[in-house]
Amino acid sequence: MPSGRKLYPFYLIEPKWQKFWDEQQTFRAFNPGEFIPPEHPFGQRHRLGGKCPSADELPPKFYILDMFPYPSGAGLHVGHPEGYTATDILARYYRAKGFHVLHPMGWDAFGLPAEQYAVKTGQHPRIATERNIATFRRQIKSLGFSYDWSREVDTTDPQYFKWTQWIFLKLYNSWFNPETNRAEPIETLKYPKELDPEPAELAKLSPQARAELEKRRRAYRDSKRLAYVAEAPVWWCEALGTVLANEEVVDGKSEVGGHPVVRRPMRQWMLRITAYADRLLEDLDKIEWSESLKQMQRNWIGRSEGAEVVFRVANSEDTITVFTTRPDTLFGATYMVLAPEHPLIDKWLREGGVIPAEWPASTPQLWTGGEPTPSAAIAAYRAAVASKSDLERTDLAKEKTGVFTGAYAINPVNGQQIPIWIADYVLISYGTGAIMAVPAHDTRDLEFASKFGLPIVQVVQPPDPNTDWRGYVEDGISVNSTGPEISITGLPTQEAKRRITQWLESKGLGRRAVNYKLRDWLFSRQRYWGEPFPIVWRRDPDGELYHESLPESALPVTLPALDNYKPTSDGQPPLARAKEWVHLPDGSVRETNTMPQWAGSCWYYLRYIDPRNDTAFVAPEAERYWMGSKYAELLVSRKQTGTHAALERGQHESPKPGVDLYVGGTEHAVLHLLYARFWHKVLYDLGYVSTPEPFYRLVNQGLILGEDGQKMSKSRGNVINPDDILKEYGADAFRMYEMFMGPLEDTKPWNTKGLEGVYRFLGRVWRLFVDENSETEFEQAETVTPPEEKIRLLELVKLHPAIKLTEPNRGQLRALHACIKKVTEDIENLRFNTAISALMVFVNEALSWETRPAAVLRDFVVLLNPFAPHLAEELWAKLHTGLLKPGAPPPSLTYEPWPQFDPTYLAEETLEIPVQVNGKLRDVITVPADIDNAGLEAAARTSEKVKPFIAGKQIKRVIVVPKKLVNIVVG
RNA sequence: GCCGGUGUGGCGGAAUGGCAGACGCACAGGACUUAAAAUCCUGGGACUUGCAAAAGUCGUGCGGGUUCGAGUCCCGCCACCGGCACCA
């Protein structure tokens with residue numbers, strides 16, 4: 001559609017109402033105890049103006065949250081407004097329904113792009129960050145979303161990250177008590193006996209011994225904290241100059257930028273998320289997230305149950321512990337594999353005795369890797385593995401590699417000696433870094449054993465005798481599983497597992513065990529643009545470094561100014577350049593790592609609740625009010641819509657706590673959502689929040705593709721810029737089109753022609769309400785009025801003469817109430833596309849009415865408001881000043897009660913009933929609405945169109961679905 | 001390979017086991033106009049028969065099943081999308 005003349009003056013209407021909402025603070029939410037100005041429309045609706053209502057006096061809350069954006073330099077993408085529009089519709093709907101809606105927005109503004117720009121230009125990243133935030137804020141505001149801007153947060157604001165650091169201190173000063181299964185203050189930590197002498201004994205110790213004890217106690221304490229330091233192999237990215245979390249490395253490259261990464265041991269801060277693995281898993285059952293999302297989290301946590309089994313090593317006191325999910329296949333273990341990095345290998349190479357100097361007699365050439373001795377083979381293999389990039393290691397997974405170590409282990413169930421190998425298909429980071437290999441019943445082991453000619457022994461019989469037992473990995477019946485002390489032959493898999501585990505346990509050779517794929521969270525980054533740690537390092541009298549937290553009074557720890565944001569030449573983080581900042585007067589030295597971007601987004605939904613509080617990260621009363629959802633079941637109630645009887649009667653079901661609805665993209669399915677849940681649980685355990693889960697209901701919006709059906713990208717040139725759309729069609733059309741495209745959660749292609757259809761619809765709405773002649777006058781006046789005065793001209797546009805204060809007729813009421821019903825149900829079920837379709841159906845019909853009753857149009861405007869709020873406000877104002885209440889200012893549309901659906905208006909006088917013969921449609925008959933089944937059947941049988949199909953045939957059965965359908969079954 | 005999801009006109013998509021294709025786009029014809037744009041009206045799944053009005057048959061990825069009746073429920077395939085991927 002060419003630009004130029006617009007179908008309606010959205011370019012005046014939209015800024016007009018955005019300014020109005022800003023000035024009126026229409027969407028401001030009030031915390032318990034907060035003063036509500038007498039003139040505020042929320043206060044007026046709920047008769048709370050001029051008061052300071054408590055949580056109990058306030059209406060039920062509804063917390064609707066968007067995933068806050070990273071304000072990139074590229075500005076808003078069409079994907080952002082999709083989720084934001086969905087939540088805005090709900091926010092406006094629930095306000096109309098009488099809820100107290102919290103709907104905030106903010107900025108996840110720490111991050112790499114701003115820092116990289118700073119490295120390049122030497123300009124402080126704050127400057128670019130603030131510029132980008134300003135752009136995002138302008139763009140988001142131009143879409144007319146009903147955010148409470150007084151609650152805007154910015155993760156890079158010291159007043160915000162003060163509390164991010166504060167939460168870190170809570171993590172640092174807590175430990176996970178496995179007995180209570182929750183985090184507790186570090187003071188409750190119980191020390192092992194040798195570190196916890198009786199006071200009498202303690203008194204006897206020399207000062208030196210006491211200092212030594214205190215040092216050991218500190219080491220123990222530090223090893224138990226939820227935030228701890230570990231020398232761990234981490235992913236180092238040279239190009240980015242930082243380490244990355246496992247989750248930030250994809251296919252052996254950095255998720256950001258796709259740079260190569262290498263494994264390197266470094267001293268790093270870790271968060272003990274693994275302690276929460278079980279609770280993170282179990283509590284998924286308490287929340288309403290999509291099944292696929294829950295499944296992704298479950299996979300990520302990767303819980304697996306099995307047993308640890310201890311194998312003795314031949315000619316040694318050493319033992320190898322393996323983790324297996326199939327202890328029932330122990331009799332089939334014909335070799336063992338250690339990860340190449342396994343520490344036992346180092347020990348054996350150092351000490352000798354286990355790994356022989358020469359290959360054992362009759363060692364196949366294939367097992368030796370072509371090396372003359374076992375130690376040479378091990379060294380060569382390790383070198384080969386270390387030089388492989390991670391990409392190669394996964395890509396070449398098809399071909400298994402490994403070498404024999406020359407050592408043997410002893411299978412505890414039958415005393416057999418089995419060779420010990422090293423191979424990189426066993427990962428040092430999972431389980432114990434060692435496996436027992438059962439080639440008959442494990443795909444990987446079978447592949448390996450086949451390649452190297454290792455024995456394959458069947459120990460499970462598949463239920464179907466025709467199934468090949470080789471490579472059979474499912475349950476079956478144990479066979480060949482009898483040893484001198486234990487037999488499980490003949491037992492089904494589940495029973496066999498139990499029995500063998502019991503036996504192992506009784507012998508001290510193993511125990512039940514659970515393993516997780518989830519690793520502890522690598523929490524430090526060698527970057528500038530992130531939260532500094534509230535941590536300092538000191539040296540003890542022996543010169544050893546130890547860490548200590550800063551007191552809360554030292555918060556926020558702010559970032560020092562630098563003139564160069566690069567890491568130092570000796571590989572230290574950029575903060576190490578700030579010598580004065582790093583060295584404190586008392587001789588201690590600041591931590592120079594910063595926190596990862598996830599830190600700020602882990603808890604922002606809590607800060608929105610009380611964003612300006614400078615004595616607490618959130619006040620308890622406010623937290624309990626906004627997070628303690630008593631009303632979420634109303635959103636969840638899928639069927640009983642239109643009636644909010646439970647709410648009206650003040651009856652509420654059991655609390656479904658947390659943010660009522662959280663909308664965002666799937667890209668955060670694991671990382672952000674898992675990290676945030678983890679922090680929330682820690683805060684819950686420590687008594688700072690009142691709910692075990694942060695986000696009660698979560699919906700992922702689908703991706704918007706380019707017009708060519710491809711993912712939008714600059715290189716494809718198919719990117720749609722929201723600013724262009726807004727200029728051409730207006731915010732209401734843009735928002736409404738994004739909702740009309742299809743179901744919120746689906747991936748769907750953009751189509752500007754489709755947008756034009758929605759825009760034309762809004763033009764029809766405009767013409768339904770306004771007088772054409774007055775519009776011509778308005779347009780003429782526009783040509784001679786300076787731009788800044790044009791908004792006033794909207795008053796020249798008068799109501800359509802067909803709009804009258806008359807009683808609506810039956811048909812008009814039916815059209816209205818059909819619309820109310822459909823729109824209400826669809827909004828509650830997040831089916832915005834069909835809700836919009838219902839609005840279109842109504843308008844198409846209403847345009848044909850000779851008189852347009854004001855009362856009907858008035859209700860329609862309330863229904864339109866969540867979708868096209870600017871146009872709705874303008875029409876609402878015209879309706880009131882022109883007809884409903886001339887002279888008086890119109891009541892607030894935002895807080896106008898949602899129309900009640902009345903089913904009596906939907907009743908028809910006649911019904912159209914399909915008549916089938918043998919399930920095939922033959923006629924549609926018109927019958928009185930009050931017809932009974934017998935009458936309906938009779939009418940169907942006498943239909944002229946039906947007669948030929950039943951004539952001369954035996955009628956076997958007639959199915960009558962009351963007031964719905966007749967099906968005549970003939971023989 | 002494993003897990004989750006989705007398959008409906010030319011396109012985006014609608015359909016508590018009960019008239020498949022609402023609503024919109026695109027398209028075609030018409031009205032208004034000197035003309036165009038905008039707007040309004042009409043039409044349309046495919047095939048067959050018929051000048052037409054109309055009628056019939058087939059039709060929701062494929063093959064089976066349950067049912068008076070299946071896009072919808074069950075079983076078995078196929079394709080595509082997303083996630084995980086040597087996790088013992």
- Query: Looking at residues at least two apart in the chain, or sitting in another chain, which of them share a salt bridge (Lys or Arg N to Asp or Glu O under 4.0 Å) with A/K953?
  - Reply: none
Do the side chains of [X] and [Y] get close enough for a salt bridge, i.e. N-O under 4.0 angstrom?
| X | Y | result |
| --- | --- | --- |
| A/R470 | A/D442 | no |
| A/E341 | A/R382 | no |
| A/K497 | A/E305 | no |
| A/R767 | A/E775 | no |

- Message: Quick check: any donor-acceptor pair below 3.5 Å linking the side-chain of A/K400 to the base of B/C86?
- Response: yes
- Task: Test for a donor-acceptor pair under 3.5 Å between the base of B/C84 and the side chain of A/N299, counting only N and O atoms.
- Result: no
With a cut-off of less than 4.0 Å, is there a side-chain N or O of [X] near OP1 or OP2 of [N]?
| X | N | value |
| --- | --- | --- |
| A/N844 | B/G24 | yes |
| A/R767 | B/C40 | yes |
| A/S304 | B/A88 | yes |

- Determine which pairs satisfy side-chain hydrogen bond (donor to acceptor under 3.5 Å, both in side chains) with at least one residue from residues 961-971 of chain A, sequence neighbours left out, and list them in order. none
- Query: Between A/K964 (NZ) and B/G69 (C1'), how many Å, whole number?
  - Reply: 14 Å
- Taken to the nearest whole Å, CZ/A/F832 to C1'/B/G24 is 18 Å
- Query: Just by protein heavy atoms under 4.0 Å, how would nucleotides 27-36 of chain B read 5' to 3' in B, S and -?
  - Reply: ----------
- Item | Protein-to-nucleotide contact annotation, 5' to 3' order, nucleotides 70-76 of chain B [B base; S sugar-phosphate only; - none; under 4.0 Å, heavy atom] | -------
- Message: Can you list everything that forms a ring pair (Phe, Tyr, Trp, His ring centres under 6.0 Å) with A/F331? Sequence neighbours excluded, please.
- Response: none
- Note on the structure: RNA chain B in dot-bracket form (Watson-Crick or G-U pairs under 3.5 Å, [ ] crossing, | inter-strand) is (((((((..(((.....[....))).(((((.......))))).(((((....)))))..(((((..]....))))))))))))....
- Integer angstrom distance from the P of B/G10 to that of B/G21: 15 Å
- Task: Please measure how far the P atom in B/U72 lies from the corresponding atom in B/U8, and state the result in whole Å.
- Result: 13 Å
